[in-house]
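Encoded as structure tokens, the structure appears first; notes follow it.
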Amino acid sequence: MPRLQLNSRTGTGVATDFPKDLHVALERYNHRETEPKWQSFWTDGKCFEAKEDFSRPKYYVLEMFPYPSGRIHMGHVRNYTMGDVIARFRRACGYNVLHPMGWDAFGMPAENAAIERGVHPKGWTYDNIATMRGQLKSMGLAIDWSREFATCDPSYYRHEQAMFLDFITAGLVERRVSLVNWDPVDQTVLANEQVIDGKGWRSGAAVEKRELAQWFLKITDYAQELLDALTGLDKWPDKVRLMQKNWIGRSEGLTFTFELEDANGKKLDEGLTVYTTRHDTIFGASFCAVSADHPLAKKLALHDPLLEAFRKDVAALGTSEENIERAEKKGFPLHVFARHPFRKDVKLPVFAANFVLMGYGEGALFGCPAHDQRDIDFANKYHLPILPVVAPRGSNANTFQITTEPYVEKDGDNAVLINSEFLDGLSVSEAKVEVARRFEKMGIGKRTVNFRLRDWGVSRQRYWGCPIPVIHCKSCGIVPVPKSQLPVVLPEDVTFDKPGNPLVHHPTWKHVTCPACNEKAERETDTFDTFIDSSWYYARFTSPHDAEAVDPVAAKYWLPVDQYIGGVEHAILHLLYSRFYARAMTKTHHANADEPFASLFTQGMVIHETFKAVNGEWVLPSDALHKDGAWVHANTGEPLTVGGVEKMSKSKRNVVDPDTIIASYGADTARWFMLSDTPPERDIEWTEAGAEGSWRFTQRIWRIVNEIAELPKSAATLHGNGLTLRRLTHRSMAAITEDLNNLRFNRAISRIYELSNAIGPNLSVVDKPPDLSGALREAGETLVLLMAPMMPHLAEECWKLLGHTEAVVNTPWPRAIAELVAVDEVTIAVQVNGKRRDEILLPKAMDRGMLEARVFELESVKRMTEGKIIKKIIVVPDRIINLVVTDQ
RNA sequence: GCCCUUGUGGUGGAAUGGUAGACGCGACGGACUCAAAAUCCGUUUCCGAGAGGAGUGGGGGUUCAAGUCCCUCCAAGGGCACCA
């Protein structure tokens, strides 16, 4: 028998051909012939094309659609395999399944490729799509390809533009000036992630802060609703819900206004409004601080060059650099003072400070150093008093002191107010209520809620994105492009030889006439954030060819997505934007499902060993060779060091190419490996040994099915030979159904191993009685159907071999016979004082008295209880009996 | 700094508060073979010859019974990060 050479490490990764003179066809399963054959069968039969059918329950399963970066990677293989198993399983269970695929096709990598390689973003993108589509098809996915689209298709983004216009009408959009990271060399806005050490990632130029008018979607209008609705998303991971909750960041506090006076004690016209969540500590206040961008600081800076210099300093520090530097608290005295609302003699100096954010609350705060880390740092630097006003219950108010570490006990009953006049003795929460009550009565403050969530800035100064459909007119201002003129199509004749957005440099594109006054005007040259594209694609899939963005009938039938699968890296942005978008689409009557994804699953990453050469360069796993217990380079033979097991990434070169794997092992093997052993939410390590193990299992199934196919056909019975096998067969059906319903693929697979392990010994029985043959055939057929969602090609081939004319894809999911799932004998563990001492096989649901009698006959029990007193006997029916004994 | 998650054999991992280690990988032994590969049959938590004992990151607790619940500490991973 020729050996199949399976070594992708040597770089060939190709199976040797099967000699034709041997009868290997029956012995070896040949995925390279079988897989394309069944893929054509499914395609030709339009097996996975979905249609609305109101008489059947629907199931919409969706994996996060890929960015067409070039080639698929193992992370895609894992993601789409999981979705595919669900799609095939639900389909077999009788659901009308929608399982579409598309491309998140706008974005910067296409422009980078254009700049670096001189290719056009469009050509680059569609070429990648063609490659990746082919790769996905080689995986044998049960996808309705008739619904495919790319977000860079004008037929997609025209609806995005129309919807944006509707959003404007509905008051969901705002245009305002905001600060951005500006790269003066590339003349473009940079995302925070693209600013490294204060410099542009590509140009290396010092990044500036620049004020730019931009479009915002008013997601903050929905902050409370998005927060509240998280509770209802009980099929989402708690982790993701918590991340969104923290991101939205609701806080309840108090907004109130200090009276201000100048250095001479003269009251100023305006006051200083601050936001706080610790109004209980008002008697511990020792200063106020405002943001460098606060109107008060701006106004005073007009006559104070030093203050203006300080403001510039703070602005230059930017946002991203601070994290690295752990920027020191810095303040600049404004020489104005805030009058304490309850103590007329106390005057708090007001500073402009670098740690106060203009975007949160009122951009101003009062500092209570004794009970806040940041405030105490600031107070110690500028020699401000530290007045403790909260202390652990029972401590001495006169001697309780704080110097460098704040006391931050917030809630609960173990902290009390001290040194705070009418608040003394109250708990923190009681004091908050009292202070709020007094401020409201005095008319200087009120309870307010603040959110951390900011509005969503969607303008990007980029070419490869959806054009924002507005026109800027000198006399009419901002004029929406009339819907009849949509789509605003991206021009293709652009160049990337100049820095900045090619749309700005384009000779004609932006020059238009104003739709309102017919005078000369200019198009908006900004494009949308690509997160907009991915915020509604799931809805477009329900009616991808409709003349409107979403066909209401289709949307009503298919939405929401029943199962959404993707990486946890999208836990916040994409998933929060989509939730907002769903609401915005409801408001503008484009759809009516407020929550887009009923159930969410976040799968783990694919990780792999890393290899490093002597010169420090990373080495591809396919170039690493295990030789005499050490790793060497396959070509040069030089020794390699094995690094950590990390996420597959191009930079570490620890990638395995799906094409190579599918060519050498087959799609079914790759799919099987991705689902085996590791729970889907955890990171899975790709190993050669594991892949070979999965491959061997495909061969084992093939052998088993071949043998079963040759057995004489006879009925399985409820008695006699093969009953044990039948019980396992039916229990496997029940358990695997449950596992797949709960996405516990690794558990389902272990049960398939168990079933196949049980078939083996029965097959080697010589002169099988007819009822055993019947049980074996049933077990084999069940095995094939149960594994079909994971290994669809092998399943079809086996099913045919077993004599079926209807394909597995059109065969219903097997249903367990209750009588065979039920157990009639149970093994009961016998414990003495909670320790297992023996076990006993008994009929199910045995009477307690009889059970005890049988247990006391056991030698082990006699030995352990001899001369002791039985205090208590605990019986858990059909599971355990525990004898509690003592010496006395 | 704050918040969250996870710690189980050589390894990936099973286990509604009820027999810890299912199933896979690896390893070891055997069968088949001139031999190897493939395949099949065993063994594989640790200590102990055995009876037996110990054991789910460490320590404590609740319970007849704890991998599972509670407290605490340690380690790894993740999220947020001047949010007043």
Side-chain angles (χ1 to χ4, degrees), chain A residues 1-5 27-28 237-240 242-247 249-251 253-254 274-279 281 288-289 291 319 322-323 326-329 353-357 359-368 372-375 377-378 408 450-454 568-569 571-572 672-673 676-679 681-685 687-694 696-697 699-700 703 744 746-757 760-761 764 827-840 863 871-885:
Chain A
M1 193 67 63
R3 187 196 172 199
L4 202 59
Q5 306 238 316
E27 302 289 337
R28 291 273 195 218
D238 289 341
K239 179 181 163 185
V240 173
L242 184 68
M243 280 164 74
Q244 292 211 350
K245 182 180 176 223
N246 292 339
W247 186 262
R250 180 193 154 98
S251 85
L254 191 74
V274 299
Y275 173 73
T276 181
T277 57
R278 289 303 305 272
H279 30 295
T281 64
C288 286
S291 161
T319 48
E322 293 198 32
N323 305 339
R326 288 184 169 276
E328 200 185 348
K329 310 277 171 287
N354 64 346
F355 62 86
V356 185
L357 305 172
Y360 189 79
E362 301 294 324
L365 54 86
F366 79 79
C368 176
D372 184 279
Q373 184 66 51
R374 192 194 46 205
D375 292 348
D377 293 346
F378 191 80
V408 286
N450 256 292
F451 294 94
R452 209 193 73 104
L453 184 69
R454 300 271 73 92
V568 73
E569 66 272 19
I572 297 171
W672 189 256
F673 179 91
S676 306
D677 297 344
T678 305
E681 69 278 9
R682 288 199 211 167
D683 291 350
I684 190 170
E685 185 185 353
T687 62
E688 192 83 359
E692 281 178 19
S694 294
R696 278 200 300 273
F697 186 66
Q699 298 301 331
R700 188 156 140 226
R703 278 195 305 277
R744 300 184 345 152
N746 57 319
R747 198 71 186 86
I749 281 183
S750 73
R751 291 188 213 274
I752 287 174
Y753 277 111
E754 277 176 309
L755 181 57
S756 74
N757 288 346
S764 45
T827 309
I828 292 178
V830 180
Q831 294 184 339
V832 178
N833 285 344
K835 280 198 184 290
R836 195 189 76 95
R837 294 297 171 183
D838 211 334
E839 61 182 36
I840 185 168
R863 202 166 60 234
K871 274 185 71 179
K872 201 171 174 185
I873 300 175
I874 313 264
V875 175
V876 181
D878 297 333
R879 298 217 76 146
I880 218 159
I881 177 165
N882 187 15
L883 312 175
V884 185
V885 304

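Naming convention: chains lettered A, B, ... in sequence-line order (proteins, then strands); numbering from 1 in each chain.
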Within this structure, what is the CZ-to-C1' distance between Arg250(A) and C83(B), rounded to whole angstrom? 15 Å
Say we look at G79(B) and C69(B): how far apart would their C1' atoms be, to the nearest angstrom? 26 Å
How many angstroms lie between CG in Leu755(A) and CZ in Arg751(A), if you round to the nearest 0.5 Å? 11.5 Å
Phosphate oxygens OP1/OP2 of C40(B): is one of them under 4.0 Å from a side-chain N or O of Arg703(A)? yes
Using atom P in both nucleotides, what's the gap between G10(B) and G21(B) to the nearest angstrom? 16 Å
Residues forming a side-chain contact (heavy atoms from CB on, under 4.5 Å) with Pro877(A), sequence neighbours excluded: none
Integer angstrom distance from the P of G53(B) to that of U6(B): 33 Å
Helical stems, RNA chain B - three or more consecutive Watson-Crick or G-U wobble pairs below 3.5 Å: B:1-7 with B:74-80, B:10-12 with B:23-25, B:26-31 with B:39-44, B:45-47 with B:52-54, B:57-61 with B:69-73
Please measure how far the P atom in G52(B) lies from the corresponding atom in G58(B), and state the result in whole Å. 26 Å
With rounding to whole Å, what would you report as the distance between A22(B) and C80(B) at their P atoms? 39 Å
Let me know the distance between OH of Tyr275(A) and C1' of C83(B), rounded to the nearest Å. 9 Å
Set of salt bridge (Lys or Arg N to Asp or Glu O under 4.0 Å) partners for Arg452(A), sequence neighbours left out: none
Inter-residue atom distance Ile880(A).CD1 - Ile874(A).CD1, 0.5 Å rounding: 10.5 Å
With side-chain contact (heavy atoms from CB on, under 4.5 Å) as the criterion, how do Asn746(A) and Arg682(A) come out once you've worked through the C-alpha distance, each side chain's angles and the decisive distance to 0.1 Å? CA-CA 11 Å; Asn746(A) 57 319; Arg682(A) 288 199 211 167; over 6 Å; no
Audit row: Arg278(A), Asp372(A), side-chain contact (heavy atoms from CB on, under 4.5 Å) steps and yes/no: CA-CA 10 Å; Arg278(A) 289 303 305 272; Asp372(A) 184 279; over 6 Å; no
Tabulated below should be each protein N or O lying under 3.5 Å from an N or O of nucleotides 50-56 of chain B; please produce it.
from   : atom 1 : to        : atom 2 : distance (Å)
G52(B) : OP1    : Arg863(A) : NH2    : 3.0
G53(B) : OP1    : Arg837(A) : NH1    : 3.0
G53(B) : OP2    : Arg837(A) : NH1    : 3.1

First locate atom CG of Asp878(A), then atom CD1 of Ile828(A), and finally report the distance between them rounded to the nearest 0.5 Å. 5.5 Å
Reckon Val830(A) touches a base, only the sugar-phosphate, or nothing at all at heavy-atom distances under 4.0 Å? nothing
Contacts of Tyr360(A) and Gly760(A) projected onto RNA chain B by closest heavy atom; the upstream (5') one is Gly760(A)
When every non-hydrogen atom of Arg374(A) is compared with those of Leu365(A), the smallest separation belongs to NH2-CD2, 4.1 Å
How many Å lie between CD on Gln244(A) and P on C4(B), as a whole number? 17 Å
Applying side-chain contact (heavy atoms from CB on, under 4.5 Å), can you list everything that pairs with Asp683(A), at least two apart in sequence or on another chain? Met605(A), Ile607(A)
Tell me, please, which residues at least two apart from Phe451(A) pass ring-ring contact (aromatic ring centres under 6.0 Å, His included). none
Taking N or O atoms only and anything under 3.5 Å, show me the protein contacts with nucleotides 67-72 of chain B, one pair per line.
none

Between G10(B) (P) and Glu685(A) (CD): distance, integer Å: 18 Å
Check salt bridge (Lys or Arg N to Asp or Glu O under 4.0 Å) between Glu681(A) and all other residues, then give those that pass, not counting sequence neighbours. none
Approximate separation, where rounding is to 0.5 Å, of Phe355(A) CZ and Asp375(A) CG: 5.5 Å
In whole angstroms, how far is the C1' atom of A84(B) from the NZ atom of Lys329(A)? 12 Å
Nucleotide-resolved protein contact map, nucleotides 75-80 of chain B, B/S/- at heavy-atom distance under 4.0 Å: ----SS
Hey, which sits more toward the 5' end of RNA chain B by its nearest nucleotide, Leu242(A) or Gly359(A)? Leu242(A)
If you take all heavy atoms of Phe697(A) and Ser756(A), which pair is closest and at what distance? CE1-OG, 3.4 Å
Value rounded to 0.5 Å, distance of CZ in Arg837(A) from CG in Asn882(A): 11.0 Å
Starting from C1' on C64(B), measure out to CG on Asn833(A) and report it in whole angstrom. 8 Å
Give me the distance, rounded to whole Å, that separates U63(B) from G13(B) when you measure between the P atoms they each carry. 35 Å
Syn/anti state of G9(B) by chi, 90° boundary around 0: syn
Between A54(B) and G60(B), how far apart are the P atoms? Round to whole Å, please. 15 Å
Contact pattern, 5' to 3', of nucleotides 13-25 of chain B - B, S or - by protein heavy atom under 4.0 Å: SSSB-BB--BSSS
To the nearest 0.5 Å, how far apart are OG in Ser676(A) and CZ in Arg747(A)? 13.0 Å
Which residues pass the side-chain contact (heavy atoms from CB on, under 4.5 Å) test with Asn246(A), sequence neighbours left out? Leu242(A)
Checking Ser251(A) now: which residues fulfil side-chain contact (heavy atoms from CB on, under 4.5 Å) with it, not counting sequence neighbours? Tyr275(A), Thr277(A), Tyr360(A), Asn450(A)
How far apart are the closest heavy atoms of Arg836(A) and Ala829(A), and which atoms are they? CG-CB, 4.4 Å
Considering only the P atoms, how many Å lie between U45(B) and A20(B), rounded to the nearest integer? 14 Å
